[in-house]
Amino acid sequence: MAKAKVAVLISGRGSNMAALLYAAKAADCPYEIVLVAANDPDAAGLTLAAAEGIPTFGQSHKGLKRVEFDRIIDAQLRASGAQYVALAGYMRLLSAEFVTGWEDRMLNIHPSLLPKYKGLDTHQRAIDAGDSHAGCSVHIVTAELDDGPVLGQTPVAILPGDTQDSLAARILIAEHQLYSRTLADFVTRERHPDWLLNKVREAALALPQADEVVSHGMPCFGIEKGKKFAYFTRDHHGDGIIALLVKTTAPDEQAMLIESDPARYYRPAYFGDNWVGIRLDLGDTDWDHIADRLRASWRDIAPRKLLGLMNIADQF
Ligand code: GAR
C-alpha cells in the first residue's frame with residue numbers, strides 16, 4: 001500500500017515536525033513527509049527538514065493579505081502531491097478558502113486538553129486555573145480556531161511549582177508521541193472496512209426509501225421491499241478487496257469503466273455485465289463520485305412512482 005503523502009506547516013522550531021519526520025522513517029509508518037513549509041524563511045525547522053532530504057519552502061507572510069499568502073502555500077502543497085496537511089506549531093490564522101480546500105485532510109496539534117484553553121498561553125492558563133492536568137490534543141482543522149473534532153489527547157500532570165516553561169517542556173514530549181500516532185491512524189482510517197462501510201451507508205441511506213439488509217453475507221442497500229442497488233464487499237472471495245458494487249446504467253459501461261481505470265473498476269463475479277465493482281481500498285476514493293454512482297444505481301431500479309417523486313425533488 002502506498003504511503004499517504006503529508007505536508008507539514010511550521011512557524012519556528014519545528015520539533016513536532018521533526019517527531020513526525022523521524023516516525024516516518026519506520027518502514028511500517030503509513031505516511032511520508034513530502035514537504036515542510038513555513039511562513040518564515042528563517043524557521044529553524046526548515047534547516048532540519050532540508051538536512052533530512054525533505055523539500056522545503058519558506059516565505060514570509062509579511063505584506064501579503066491572508067488569502068493571498070494562503071494561496072501561495074496552497075499552490076506549494078498541491079505541487080508537492082500532499083494528500084494531508086499537518087499543522088505543527090503553525091502560528092497563522094487560516095483563511096476560510098484554505099481550510100475548505102483541505103477539509104477533513106488537515107490536522108493540528110494544540111498544547112491543551114481541548115476544548116479547554118483554545119488560542120495562546122495555554123500552559124499558564126491551566127496552571128492559573130489550578131487544573132490537576134494539562135496536556136495536548138490533535139484535532140481536525142475547521143474554520144474555528146483550535147476547534148474541530150478531537151482525534152487524540154494526552155493528559156500531562158501539572159507538578160507543584162510548575163512554571164509555564166517547565167510544563168510546556170513536558171507536554172512537548174507528549175505532543176511528539178501523540179502526533180505521529182494520531183496522524184498514522186488518521187491516514188489509514190480510509191482503509192478500515194468499518195469506516196468505508198459507514199461512508200457508503202451514509203450516502204446510500206440518504207436516497208429515498210433506501211434500506212440496508214445483509215444478502216449473500218454482504219451489507220447491501222435496496223429500496224424497501226424492492227430491488228437492491230448496491231452491495232458492500234469486503235474480502236468476499238478471500239482477495240482482501242473492499243469494494244462497492246453498483247448497477248451500470250448504459251450498455252458497455254462496465255467495459256468502459258474497467259478500461260478507463262483497471263486498478264479501480266472490475267467485473268464482479270456472479271453479477272453479470274450490468275454491475276460494476278469499484279474498489280474503495282485504494283486510499284484515494286472520490287466520495288462525490290461514489291454518491292453519484294449510488295444515486296444512478298438507485299434510479300436504475302427505482303419503481304416509476306418513486307422516480308417521478310425524485311425527478312420532482314431534483315427540480316428544486
Ligand atoms: C507546540 O507546543 C504546539 O503544540 C504549539 O506550538 C508549539 C510548536 O512547537 N502550537 C500551538 O500553540 C497552536 N495553537 P514546535 O515548533 O517545536 O513543534
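Everything numeric in this text was worked out from a predicted model, so none of it was measured. Residue numbers start at 1 and run along the sequence shown.
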When you measure from the side chain of W102 to the backbone N and O of D74, does any donor-acceptor pair fall under 3.5 Å? no
Which pairs would a plain distance check flag for residues 7-16, meaning a side-chain donor or acceptor within less than 3.5 Å of a matching protein atom at least two apart in sequence or in another chain?
residue: S11; atom: OG; partner: N39; partner atom: OD1; Å: 2.9
residue: S11; atom: OG; partner: G89; partner atom: O; Å: 3.4
residue: S11; atom: OG; partner: M91; partner atom: N; Å: 2.8
residue: S15; atom: OG; partner: H176; partner atom: NE2; Å: 2.8
residue: N16; atom: ND2; partner: E175; partner atom: OE1; Å: 2.8

Check this for me, if you would: do E253 and R293 make a salt bridge, where the nitrogen-to-carboxylate-oxygen distance has to be below 4.0 angstrom? yes
Applying side chain to side chain contact (heavy atoms under 4.5 Å, CB included) to N108 and M106, what does each step give before you reach the verdict? CA-CA 7 Å; N108 180 41; M106 181 155 57; over 6 Å; no
Hey, does Y84 have a side-chain heavy atom less than 4.5 Å from the side chain of R105? yes
Do other residues, nucleotides or ligands put more than 12 heavy atoms under 6.0 Å from K227 NZ? no
Check whether any side-chain N or O of R189 sits under 3.5 Å from a backbone N or O of A184 as a donor-acceptor pair, and report yes or no. no
Treating Y31 as the side-chain partner and L20 as the backbone partner, does any N or O pair qualify as donor plus acceptor under 3.5 Å? yes
Does the side chain of S95 come under 3.5 Å of the side chain of D70 through a donor N or O and an acceptor N or O? yes
Single-linkage hydrophobic cluster, 4.5 Å side-chain cutoff, L35 and Y90 together: yes
Please name all residues satisfying side-chain hydrogen bond (donor to acceptor under 3.5 Å, both in side chains) with D252, sequence neighbours left out, ordered by chain then number. none
Would you find a donor on one side and an acceptor on the other, under 3.5 Å apart, between the side chain of H139 and the backbone of D147? yes
Side-chain heavy-atom pair F221, L294 within 4.5 angstrom cut-off: no
Taking every heavy atom of L244 against every heavy atom of A230, the minimum-distance pair comes out as CD1-CB, 4.0 Å
Name all residues meeting the side-chain contact (heavy atoms from CB on, under 4.5 Å) criterion together with D131; count only those two or more places apart in sequence or in a different chain, and write none if there are none. K116, Y117, A126, A129, I158
N/O donor-acceptor pair under 3.5 Å between R279 side chain and I241 backbone: no
Has Q254 got a side-chain atom pairing as donor or acceptor with G272's backbone, closer than 3.5 angstrom? yes
So, the side chain of E68 versus the backbone of K65: is there a donor-acceptor pair under 3.5 Å, distance only? yes
Going through the checks in order, is the side chain to side chain contact (heavy atoms under 4.5 Å, CB included) test met by V6 and Q83? CA-CA 6 Å; V6 176; Q83 299 163 300; over 6 Å; no
Does atom NE2 of H216 have more than 12 heavy-atom neighbours from other groups under 6.0 Å away? no
Hey, is D194 close enough to R234 for a salt bridge, meaning N to O under 4.0 Å? yes
With the side chain counted from C-beta on, respond yes when L151 and L183 share a heavy-atom pair under 4.5 Å apart, and no when they do not. no
Pairwise side-chain contact, I242 with F232, heavy-atom cut-off 4.5 Å (strictly under): yes
Under a 4.5 Å cut-off applied to non-hydrogen side-chain atoms, are Y265 and E259 in contact? no
State, with a plain yes or no, whether a side-chain heavy atom of F98 is found less than 4.5 Å away from one of L93. no
For E103, give me all partners under side-chain contact (heavy atoms from CB on, under 4.5 Å), at least two apart in sequence or on another chain. none
Does F271 have any ring pair (Phe, Tyr, Trp, His ring centres under 6.0 Å) partners at least two apart in sequence or in another chain, and if so, which? Y231, W275
What is the minimum heavy-atom distance between G152 and T182, and which atoms define it? N-CG2, 4.2 Å
As an exercise, state the distance from CD1 of I109 to CG of D146, rounded to the nearest 0.5 Å. 11.5 Å
Listed by chain and number, what are the ring pair (Phe, Tyr, Trp, His ring centres under 6.0 Å) partners of Y266, not counting sequence neighbours? none
Is it true that a side-chain atom of S297 and a backbone atom of K247 form a donor plus acceptor pair closer than 3.5 Å? yes
I need the H133 NE2 to L167 CG distance, nearest 0.5 Å. 11.0 Å
Please verify the inter-ring angle class for W195 with W287; under 30° counts as parallel, over 60° as perpendicular, anything in between as tilted. perpendicular
Under 6.0 Å from the CD atom of E144, do we count more than 12 heavy atoms belonging to anything else shown? no
Qualifying side chain to side chain donor-acceptor pair (under 3.5 Å) pairs with a residue from residues 151-168, counting only residues at least two apart or across chains: S137-Q153, D162-S166, D162-R170, T163-S166
Please say yes or no: joined through hydrophobic side-chain contacts below 4.5 Å, possibly via intermediate residues, are L178 and V150 part of one cluster? no
Can you give the donor-acceptor pairs under 3.5 Å from side chains of residues 40-59 to other protein atoms, not counting sequence neighbours?
residue: D40; atom: OD1; partner: D42; partner atom: N; Å: 2.8
residue: E52; atom: OE1; partner: K25; partner atom: NZ; Å: 2.6

For E32, enumerate each residue passing the side-chain hydrogen bond (donor to acceptor under 3.5 Å, both in side chains) test, keeping only those at least two apart in sequence or located in another chain. K5
Following the transitive rule for hydrophobic clusters with a side-chain heavy-atom cut-off under 4.5 Å over Ile, Leu, Val, Met, Phe, Trp and Tyr, establish whether L307 and L207 coincide in one cluster. yes
Separation between OG1 of T142 and CG of L94, rounded to the nearest 0.5 Å: 10.5 Å
Through direct or indirect side-chain contacts below 4.5 angstrom among Ile, Leu, Val, Met, Phe, Trp and Tyr, which residues connect to V213? none
Taking salt bridge (charged side-chain N to carboxylate O under 4.0 Å, His left out) as the test, write out the residues that go with R92, two or more places apart. none
Is there a side-chain contact between V246 and I278 in this structure, where contact means two heavy atoms from C-beta onward sitting under 4.5 Å apart? yes
Does the D121 side chain pair with the main chain of Q124, one donor and one acceptor, at a distance under 3.5 Å? no
I'd like to check the side-chain hydrogen bond (donor to acceptor under 3.5 Å, both in side chains) partners of D235; sequence neighbours left out, ordered by chain and number. none
Side chain proximity check, F229 to C220, heavy atoms < 4.5 angstrom: no
